[in-house]
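Scope of the values below: all heavy atoms of this structure, side chains included, with no hydrogens, waters or symmetry mates. Lettering of chains follows the sequences in order, A, B, ..., and the numbering in each one begins at 1.
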Protein chains: 2
Amino acid sequence: MAQVKNNYQFEDMLQKHNLKKTAPRLRVLSMMYSKNTATSQPDLESVMNDIDRVTLYRILNTFEEKGIIHKVFDLNGTANYAVCHSDCKENHHHDEHLHFNCTACKNVYCINELNMPRLTLPAGFEPQAFTLYASGLCPKCSKKGAARVN
Amino acid sequence: MAQVKNNYQFEDMLQKHNLKKTAPRLRVLSMMYSKNTATSQPDLESVMNDIDRVTLYRILNTFEEKGIIHKVFDLNGTANYAVCHSDCKENHHHDEHLHFNCTACKNVYCINELNMPRLTLPAGFEPQAFTLYASGLCPKCSKKGAARVN
DNA sequence: AATACAAATGCAACATTATTGTATTTAGAA
DNA sequence: TTCTAAATACAATAATGTTGCATTTGTATT
């Protein structure tokens, strides 16, 4: 479920990363923590439509650099942003989890409850990070019996 | 390595899919089959700079629908296109292989020699397709001793 | 070989997503 | 309260992708 945090906690988060507490940043944090799915850039932009687009991009980039959020592209190549779980450090993400992209509601879920399989690659390849994508129906949409694509 | 095919074979491919044999299509096929990596949309566009951009997009979409190529987004969300291996049918891709994105040369390799691990997801999720991404150094770049990012 | 027609291309216009530079505003320290 | 670096807002531009339509072309048919 969505991690519930209050405004004081968001202010602490910013402070810990040496970021100024500004209204746009707090709103972005509040929105992202209120959901249990990643948020697409278009969604963010329409919800935060009174914040300048460029400011939004810069906030997202800053948060990503600081390890507060991570970016994940969905099956359509659309950028989605999700809050990182605990062990992401600055410029050093640990987002090697499964990203589940629902084909009906389009939501992207970060599934941390699953450990990534370590694979052996053909000779010569030196992998540093893995990400696994799955697509299909999420619990909500499969319950609706929806094979339909919205 | 790159699959070597001649122009007659490309013409056959088009014919088998009920596509007209046109110069732009043959050139796209020729380019994509000459490589052992996926080709990014920007690369395609600069190499095929005398073909109309829209035509190129439409050719790629058509080829994808017909199961001739598949689209894969790299770690930067850039669209890349790669030739499908044998068992892709129209509107029904079997591209559940590992995509390896080299952080140095940026190339995307389709690694078919690896079978996808089947994973058990949390209750409610109904996965229909999996794709695995890895990033790191490809054989060429790791040989160069290049941890550098171009 | 000429014709006819659907399919494919080329062109124009536009939409969306993202970046860069700079002026203005503001959070937080002094 | 003042000062300054940081953050935001605004303007301009780049990159990527889509839609509609006129023109051209591959190919089936005569």
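Between B:Glu113 and B:Leu98 the shortest side-chain heavy-atom distance does not fall below 4.5 Å. Side-chain contact check for B:Gln128 versus A:Leu137: some heavy-atom pair is nearer than 4.5 Å. Counting heavy atoms from C-beta outward, B:Leu26 and B:Leu14 have side chains that approach closer than 4.5 Å.
In this entry the distance linking OH of B:Tyr57 with C1' of C:dG10 reads 16 Å, nearest Å. The distance from atom CZ of B:Arg53 to atom C1' of D:dT18 is 10 Å, rounded to the nearest whole Å. What separates CG of B:Leu56 from P of C:dG10 is a distance of 10 Å, to the nearest Å. Regarding A:Asn18, its CG atom lies at a distance of 11 Å from the P atom of C:dG28, rounded to whole Å. Summarising the geometry, the separation between NZ on B:Lys21 and C1' on C:dA7 is reported as 15 Å, rounded to the nearest angstrom. B:Phe73 has its CZ atom 7 Å from the P atom of D:dG17, to the nearest Å. Residue B:Asn61 contributes atom CG, which lies 14 Å from atom C1' of C:dA8 at whole-angstrom precision. As a whole-Å value, the separation of A:Gln15 CD from C:dA29 C1' is 13 Å.
Remark: C:dT17 base-pairs with D:dA14; criterion is Watson-Crick or G-U wobble with both hydrogen-bond distances under 3.5 Å.
Mapping B:Leu19 and B:Thr78 onto DNA chain D via the closest heavy atom, the residue that lands nearer the 5' end is B:Thr78. Positionally, the nearest nucleotide of DNA chain C for B:Ile59 lies more toward the 5' end than for the other of B:Ile59 and A:Gly77. Residue A:Ala23 is the one, among B:Glu45 and A:Ala23, whose nearest nucleotide of DNA chain D lies closer to the 5' end (criterion: closest heavy atom).
For the OP1/OP2 pair of C:dA8 and a distance below 4.0 Å, the side-chain nitrogens and oxygens of B:Arg25 include at least one atom meeting the criterion.
On a pure distance criterion of 3.5 Å, no polar donor-acceptor pair joins the side chain of B:Arg58 and the base of D:dG17.
Residue A:Thr22 is in sugar-phosphate contact alone, with no base atom involved, counting any heavy-atom pair closer than 4.0 Å across all strands shown.
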Problem - Test salt bridge (charged side-chain N to carboxylate O under 4.0 Å, His left out) applied to B:Arg27 and B:Asp50, step by step - result: CA-CA 11 Å; B:Arg27 286 178 54 200; B:Asp50 53 333; 3.0 Å; yes
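For B:Val54, the side-chain atoms get nearest to D:dT18 when compared with the rest of D:dT18, D:dC21, C:dA18. For B:Gln41, the side-chain atoms get nearest to D:dT16 when compared with the rest of C:dA18, D:dT8, D:dT16.
Checked against the 6.0 Å centroid criterion, the rings of B:Phe100 and A:Phe125 qualify as a close aromatic pair.
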